[in-house]
Amino acid sequence: VALYVHVPFCVSICPYCDFVVVAGAATRGPRSSMSRYVAAVEVELALRANAVDDRFGAPGTPARPLLDSLYLGGGTPSLLPPESLVRLIGIVRSRFGLAPDAEVTVEANPGPDERGDLAAMREAGVTRLSIGAQSMHDDELRRLGRRHRAIDVAETVAAARVAGIASVSLDLLYDVPRQALAGFEASLEAALALEPDHLSLYALTLDDPAAEGLTGPTGDHLAPTAGARRWRERAIPEQDEDRAAAMYELADERLRSAGFDWYEISNWARPGHRSRHNLAYWWRLPYEAVGPGAHGFDGRTRRWNAAPLEPYLAALDPRDRVVGPSPWTSLPPGGEELVEGDLAIAEAAILALRTADGSAAPFVDAEVRAWMDERLEPAITGGLVARTGSGRRLMLTRGGRLLSNEVFGLLLPSRSA
Ligand code: SF4
């Protein structure tokens with residue numbers, strides 16, 4: 001029901017970033033990999049579409065609904081030449097089928113040289129722009145290694161409105177090193193003054209994916225550079241959990257009073273503007289994904305493409321079709337895991353609790369509900385999970401949202417042994 005396209009190009013790499021990204025000469029100039037990437041992703045789209053056709057039939061047949069959402073994320077998909085973006089959306093439309101009212105999101109960076117051709121996007125069917133604002137303070141943006149300024153965010157929102165893009169979302173970070181509560185509040189107010197339809201608020205996390213075993217030839221992350229590691233080592237002592245909690249609480253109150261509904265730990269939306277694509281993830285619906293580091297899920301198996309760009313391009317480069325052995329079957333390297341049994345139940349319980357639906361989420365069956373009831377008592381006693389709706393619905397309290405990893409730990413299968 002959903003398709004994700006990962007576009008791994010940025011102009012420069014922010015030192016806190018753990019997304020699969022390449023930058024510099026790989027993005028711009030004569031040695032850019034962008035045209036090879038576009039050709040490769042077209043091949044991957046064809047291969048994945050063939051496989052879905054074989055399993056479920058043609059798009060629009062009973063077992064194969066048209067896509068409810070398409071999401072181009074990154075990296076900075078708005079850096080793609082407009083004709084490439086239009087072409088990719090056209091291929092998705094013809095091979096996967098897009099529902100007439102499908103949500104089509106593109107992530108964009110602010111700034112005239114990064115936000116892309118918004119009119120062309122609108123013309124191609126883009127309905128939603130997700131803008132990586134991160135902060136509305138120029139000094140914080142500089143500290144984060146961002147290239148844009150607050151004024152660029154305002155101009156990008158205005159340009160999206162002029163282009164007729166129906167839904168505009170802003171991403172903001174909190175727990176930025178040395179960020180004061182008052183400064184965060186001012187940033188939030190400046191963001192609200194732009195009248196976005198949706199806001200994502202993410203705590204800045206500075207983990208090391210290499211230390212967590214997520215990198216390597218089949219890993220879905222890239223290792224941080226030495227410079228990024230040094231930046232993180234300096235930044236971590238300047239973060240503060242209590243201050244971060246105060247920022248989250250302040251934002252939750254303020255967004256509610258501004259007419260936004262909280263609907264997932266990090267997401268708030270005006271009525272009618274929830275991200276249908278992200279809800280597909282949280283509701284465990286099947287989705288396909290292409291591009292380096294991208295994850296797909298068919299309801300039982302989660303698979304991913306490896307993060308490194310060169311092996312991805314080498315596997316899918318259409319020029320190899322002339323000389324390679326059986327190039328149309330050369331899907332990029334990656335991995336997969338079967339999500340079944342207790343793991344599937346635990347995953348469903350955790351995903352349900354991430355959202356405002358809680359245990360009333362549509363995919364929570366009797367088995368998942370029993371799993372939650374058996375394991376969540378300590379979180380209910382501790383005030384992290386509440387029973388609402390005559391005691392029927394279990395959902396995270398605001399305190400539970402702040403300590404969600406502790407609650408989710410209770411739901412993992414190992415705890416049940
Ligand atoms: S712009 Fe976004 S995706 Fe690109 S490096 Fe910065 S944080 Fe990562």
Side-chain angles (χ1 to χ4, degrees), residues 4-29 32-34 37 41 71-80 85 105-116 129-138 140-150 152-153 155-157 168-177 179 187 191 199-210 214-215 219-232 235-236 239 266 275 277-278 289-295 305 307-309 312:
Y4 176 74
V5 179
H6 188 76
V7 184
F9 299 98
C10 284
V11 176
S12 58
I13 296 190
C14 309
Y16 60 87
C17 179
D18 276 342
F19 296 119
V20 173
V21 173
V22 295
T27 295
R28 283 184 168 168
S32 163
S33 303
M34 212 179 278
Y37 159 83
V41 94
Y71 194 109
L72 285 93
T76 311
S78 57
L79 289 176
L80 283 177
L85 202 126
T105 304
V106 172
E107 287 182 350
N109 263 349
D113 62 335
E114 293 200 38
R115 70 182 181 226
L129 197 71
S130 176
I131 302 169
Q134 315 313 352
S135 168
M136 295 298 286
H137 277 300
D138 288 345
E140 271 177 20
L141 288 167
R142 266 194 305 277
R143 222 180 304 149
L144 286 164
R146 303 289 309 202
R147 298 179 73 247
H148 68 270
R149 294 172 305 147
D152 296 321
V153 179
E155 288 177 2
T156 302
V157 173
V168 174
S169 177
L170 295 178
D171 283 3
L172 289 179
L173 287 171
Y174 65 100
D175 204 11
V176 170
Q179 185 180 39
S187 202
L199 266 166
S200 299
L201 281 184
Y202 298 111
L204 182 68
T205 50
L206 299 172
D207 303 327
D208 183 347
L214 302 174
T215 57
D220 60 352
H221 282 66
L222 297 172
T225 62
R229 282 214 172 89
R230 282 195 297 277
W231 186 93
R232 292 173 197 206
I236 287 169
Q239 294 185 291
S266 306
S275 163
H277 189 85
N278 286 336
V290 297
H295 282 234
N305 289 340
L309 180 60
Y312 176 85

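Whatever order the structure lists them in is the order used to number ligands and atoms, beginning at 1.
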Next item on the list: Go through ligand 1 atom by atom and flag the ones less than 4.0 Å from a non-hydrogen atom of Arg146.
Entry: 1 (S), 2 (Fe), 6 (Fe), 7 (S)
Margin query: Is the ring pair Tyr37/Phe9 parallel, tilted or perpendicular, if the boundaries are 30 and 60 degrees?
Written below: perpendicular
Next item on the list: Report the protein N/O/S neighbours of atom 4 (Fe) of ligand 1 that fall below 2.8 Å; do not count waters.
Entry: Cys10 SG
Note to self: Please enumerate all residues that pass side-chain hydrogen bond (donor to acceptor under 3.5 Å, both in side chains) together with Asp220, with sequence neighbours excluded.
What the structure shows: His295
Check: Does the Gln179 side chain pair with the main chain of Asp175, one donor and one acceptor, at a distance under 3.5 Å?
Finding: yes
Checklist line | From Leu199, Thr156, Leu201, residue fulfilling side chain to side chain contact (heavy atoms under 4.5 Å, CB included) relative to Leu170 | finding: Leu199
Notebook entry, point to check: What pairs with Arg143 under salt bridge (charged side-chain N to carboxylate O under 4.0 Å, His left out), at least two apart in sequence or on another chain?
Noted result: Asp139
Notebook entry, point to check: Got a sec, which residues hit salt bridge (charged side-chain N to carboxylate O under 4.0 Å, His left out) with Glu107, two or more places apart in sequence or on another chain?
Noted result: none
